[in-house]
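Working notes, structure below.
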Amino acid sequence: KLTLVHGCYWKKCSFCDVTLDYIGRYELSPIKILVDRIEKIVRETKQTGFHFVDEAAPPNLLKELAIELIKRKIAISWWTNIRFEKSFSDDLCFLLAKSGCIAVSGGLEVASDRLLEKMKKGVTVEQVASVTNAFTNAGIMVHAYLMFGFPTQTEQETIDSLERVRQLFEAGIIHSGFWHRFSLTAHSPIAKNPEEFEVKIIGPKKGTFAWNDLVHEDAKGCKHGFYAKGLEKAIFNFMHGIGFDKELDFWFDFKVPKPKVQKNLVQKSLLQLQKTDLEKFQSKVLWLGNLPEIEFYFVETKRKKMTKAKLTFFERAEDFQLKVSEEVGKWLLEILAEAVPESEKFLSLKDLSETFPNNFTEFLASETWEILREKGLVLV
């Protein structure tokens, strides 16, 4: 177990102990020193599995970590805790997987946009769907921390949350999860401002040694304890890929309301277009594959004879080839060598556009570019 950072870079969640040092004091670790430590641990113990136990690992730091691991050719497997930040794009998740990331865990919590906003979580259910889809597409397992019983949460919101979670599991973009009953802690923003969250703290008295979990009354919320068993039963089945066709009242031994969530809410979220490559002009270009061998050959038409280039990439899974013009072949050979993680040069998409021999916008729409993106050209 290692940490990338001390504390949390977000430190706004109203249910969290953000006033305490272990959350509130945010300090980064130098990535090169951290990777030195990883190398030493692997050398001394032969262990190659690492868990970064951060409250929430920052996306930019994970990017740096992944690049450094790939650069040094360190073969480990690792997982960590994250926030479902929109920064976790398909490209970044692919990069993390390439560096050995096998799983992430993050807080979907109440799976209700109203309550997520109230708890200042900084994400929406739609955003979680997009991010978990990116991780899943990269082959990274996703575990979701779930919460019920948040102040003012109604019976309808609890059932609607379960329906959203059902859809996420059915879509295959969340693979594991657990429902936690909300607990009010003395060092959270809710405890500091209970009126804002419409709760009344009724005990216990402040102790002489420790004072953490508080007893509270939630006048607006439902009887949360009734739902624990049904929520647990439902998610146990969802994790095993069964029960998606059951009505939600099947999981409870008492009558519950019908969900008011669109049946295709998650699928609609996944169909929304991600940023096009043209919108990522300032992104760093990284080539995660092997460098190709190039050979030139002549193609003769009725009008002229021209030189073409064939680039052959020898990869572990399968080799592939690209056939392009001589100018584009030479350009690709040069920029791919500059874009490998070992290179100290920062190469952006804008840099590529300025050196490309022809129309770069057309090239971004070409099959050649599509193949390169699929095989390991990432924009992060």
Side-chain angles (χ1 to χ4, degrees), residues 8-10 12-16 56-60 62 81-94 96-97 103-148 150 152-180 182 231 234-235 238-239 244 248 257-277 279-280 283 379-380:
C8 177
Y9 67 96
W10 181 250
K12 294 179 185 178
C13 297
S14 59
F15 58 84
C16 190
N60 279 340
L62 288 177
N81 311 309
I82 61 157
R83 294 181 66 253
F84 290 120
E85 289 270 8
K86 58 186 177 183
S87 309
F88 287 111
S89 62
D90 285 346
D91 290 76
L92 179 53
C93 292
F94 184 89
L96 299 183
V104 292
S105 56
L108 171 55
E109 316 303 359
V110 284
S112 156
D113 286 343
R114 180 188 81 85
L115 294 170
L116 285 168
E117 184 177 359
K118 193 172 182 66
M119 66 171 56
K120 298 180 174 64
K121 187 70 186 177
V123 300
T124 64
V125 175
E126 191 175 90
Q127 182 177 315
V128 171
S130 173
V131 171
T132 53
N133 184 56
F135 277 112
T136 299
N137 286 342
I140 297 171
M141 193 202 85
V142 180
H143 174 85
Y145 296 118
L146 299 163
M147 181 190 295
F148 70 102
F150 190 78
T152 75
Q153 185 173 11
T154 65
E155 181 183 33
Q156 184 67 59
E157 285 175 322
T158 300
I159 297 304
D160 287 350
S161 296
L162 178 58
E163 170 59 19
R164 295 183 187 100
V165 169
R166 185 196 69 78
Q167 290 186 31
L168 289 164
F169 270 100
E170 188 174 28
I173 55 179
I174 285 182
H175 314 98
S176 171
F178 188 83
W179 290 101
H180 301 259
F182 167 76
L231 293 172
I235 202 168
F238 296 163
M239 283 194 289
F244 297 126
L248 294 189
K258 294 283 186 184
K260 294 184 177 179
V261 178
Q262 288 181 316
K263 286 288 186 184
N264 62 345
L265 176 75
V266 168
Q267 287 298 336
K268 279 174 64 179
S269 299
L270 298 181
L271 288 173
Q272 290 188 356
L273 293 174
Q274 292 210 353
K275 281 185 177 180
T276 65
D277 289 347
E279 295 174 289
K280 300 176 183 176
S283 298
L379 309 176
V380 290

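Remember, it's a predicted structure, so these values are computed and weren't measured experimentally.
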- Item | Heavy-atom check, side chain of Leu231 versus side chain of Val165, under 4.5 Å | no
- Query: Is the backbone N or O of Lys260 less than 3.5 Å from a side-chain atom of Asp160, with the two atoms forming a donor-acceptor pair by type?
  - Reply: yes
- Query: Are the side chain of Ser161 and the backbone of Val110 linked by a donor-acceptor contact shorter than 3.5 Å?
  - Reply: yes
- Item | Side chain to side chain, Leu108 and Ile174, heavy atoms closer than 4.5 Å | yes
- Query: Is there a ring pair (Phe, Tyr, Trp, His ring centres under 6.0 Å) between Phe135 and Phe88 once you walk through the steps?
  - Reply: CA-CA 8 Å; Phe135 277 112; Phe88 287 111; 5.1 Å; yes
- Does any N or O in the side chain of Arg83 come within less than 3.5 Å of the main-chain N or O of Pro59, such that one atom is a donor and the other an acceptor? no
- Query: For Glu126, does its backbone N or O pair with a side-chain atom of Ser130 as donor and acceptor, under 3.5 Å?
  - Reply: no
- Task: Keeping the roles fixed (side chain from Arg166, backbone from Phe244), state whether a donor-acceptor pair exists under 3.5 Å.
- Result: yes
- From the list Lys118, Arg114, Glu157, side-chain hydrogen bond (donor to acceptor under 3.5 Å, both in side chains) with Thr152 holds only for Arg114
- Query: Can you find a side-chain donor-acceptor pair between Ser176 and His143 that sits under 3.5 Å?
  - Reply: yes
- Ignoring hydrogens and angles, tell me if any N or O in the side chain of Gln267 forms a donor-acceptor pair with the backbone of Asn264 under 3.5 Å. no
- Task: With the side chain counted from C-beta on, respond yes when Ile173 and Val266 share a heavy-atom pair under 4.5 Å apart, and no when they do not.
- Result: yes
- Task: Identify which one of Glu163, Arg164, Glu170 satisfies the side-chain hydrogen bond (donor to acceptor under 3.5 Å, both in side chains) criterion when paired with Gln167.
- Result: Glu163
- In Å, rounded to the nearest 0.5 Å, how long is the span from CE of Met119 to OG of Ser14? 6.0 Å
- Do Thr158 and Trp179 come within less than 4.5 Å of each other through their side chains, counting heavy atoms only? no
- Query: If you round to the nearest 0.5 Å, how far is CZ of Phe178 from CG of Leu146?
  - Reply: 10.0 Å
- Task: Can you measure from CZ (Phe84) to CD (Gln127) and round to the nearest 0.5 angstrom?
- Result: 10.5 Å
- Item | Short side-chain to backbone donor-acceptor contact, His180 and Met147, under 3.5 Å | no
- Item | His175 side chain near Thr136 side chain, heavy-atom distance below 4.5 Å | yes
- Message: For a 4.5 angstrom cut-off between non-hydrogen side-chain atoms, does Val104 reach Leu96?
- Response: no
